[in-house]
Asks: 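Structure below; questions to follow.
Positions are given from 1, in the same order as the sequence printed here. Excluded from the calculations below are hydrogen atoms, water molecules and symmetry mates; all remaining heavy atoms, backbone and side chain alike, are included.
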Amino acid sequence: MPLTKEEKQQVITKFGASDKDTGSTEVQVALITKRINFLTEHFKQHKKDHNSRRGLLKLVGQRRKLLKYLKRINLEKYRNILEQLNLRK
């Protein structure tokens with residue numbers, strides 16, 4: 001199980017406006033990033049797990065779309081989340 005309830009709740013409280021804010025773009029990007037990091041570690045040990053690799057690529061695409069939306073809507077939040085999650089630039 002990649003994300004426990006506690007880990008998910010920590011991400012939601014860190015990036016969300018409230019404890020129940022699971023739908024905001026920042027929270028979604030943070031949760032997807034956490035799953036991507038888990039899968040990346042998984043592939044270091046299981047190199048031939050191609051089914052999960054497809055899921056990883058779908059997650060990366062989904063995160064890219066959400067970041068593109070956030071950049072278009074609110075550039076300051078976009079830069080803030082990139083910095084907090086240690087993503088590009």
Asks: Return the CG to CD1 distance between Leu87 and Ile81, rounded to the nearest 0.5 Å.
Replies: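 Answer for the CG-CD1 pair, Leu87 versus Ile81, is 8.0 Å.
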
Asks: State whether the number of non-hydrogen atoms from other residues, nucleotides or ligands found under 6.0 Å of Phe43 atom CZ is greater than 12.
Replies: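 It does: Phe43 CZ has more than 12 such atoms within range.
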
Asks: Using 0.5 Å steps for rounding, measure from the CG atom of Leu66 to the CD atom of Gln28.
Replies: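 If we round to the nearest 0.5 Å, Leu66:CG and Gln28:CD are 5.5 Å apart.
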
Asks: Between Glu83 and Asn80 (side chain of the first, backbone of the second, donor and acceptor by atom type, cut-off under 3.5 Å), is there such a pair?
Replies: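 Absent.
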
Asks: Under the criterion side-chain contact (heavy atoms from CB on, under 4.5 Å), which of Val11, Val29, Leu39 is the partner of Lys34?
Replies: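 Per the side-chain contact (heavy atoms from CB on, under 4.5 Å) rule, the option paired with Lys34 is Val11, out of Val11, Val29, Leu39.
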
Asks: Over all heavy atoms of both residues, which pair between Lys47 and Arg53 is shortest? Give the atoms and the distance, please.
Replies: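 Looking at all heavy atoms of both residues, the closest pair is O-NH2, 3.1 Å.
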
Asks: Passes side chain to side chain contact (heavy atoms under 4.5 Å, CB included), Asn74 versus Tyr78? Steps please.
Replies: CA-CA 6 Å; Asn74 191 337; Tyr78 170 77; over 6 Å; no

Asks: How long is the gap from CG on Leu67 to CG on Leu70, to the nearest 0.5 Å?
Replies: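 If we round to the nearest 0.5 Å, Leu67:CG and Leu70:CG are 6.5 Å apart.
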
Asks: Taking atom CZ of Phe15 and atom OG1 of Thr22, what is their separation to the nearest 0.5 Å?
Replies: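 So the gap between those two atoms works out to 15.0 Å.
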
Asks: Given side chain to side chain contact (heavy atoms under 4.5 Å, CB included), test Val60 with Ile32 step by step and report yes or no.
Replies: CA-CA 8 Å; Val60 170; Ile32 290 173; over 6 Å; no

Asks: With rounding to the nearest 0.5 Å, note down the distance linking CG in Asp49 to NE2 in His42.
Replies: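 One gets 4.0 Å once the value is rounded to the nearest 0.5 Å.
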
Asks: Yes or no on side chain to side chain donor-acceptor pair (under 3.5 Å) for Ser24 and Asp21, after CA distance, side-chain angles and deciding distance?
Replies: CA-CA 6 Å; Ser24 68; Asp21 180 21; 3.2 Å; yes

Asks: Quick one: CG on Leu31 to CD1 on Ile12, what's the gap to the nearest 0.5 Å?
Replies: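 Answer rounded to 0.5 Å: 5.5 Å.
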
Asks: Check step by step if side chain to side chain contact (heavy atoms under 4.5 Å, CB included) holds for Glu41 and Lys44.
Replies: CA-CA 5 Å; Glu41 292 298 317; Lys44 289 180 181 175; 3.1 Å; yes

Asks: Let me see the working for Phe38 and Leu3 under side chain to side chain contact (heavy atoms under 4.5 Å, CB included), right down to the final yes or no.
Replies: CA-CA 9 Å; Phe38 174 80; Leu3 286 177; over 6 Å; no

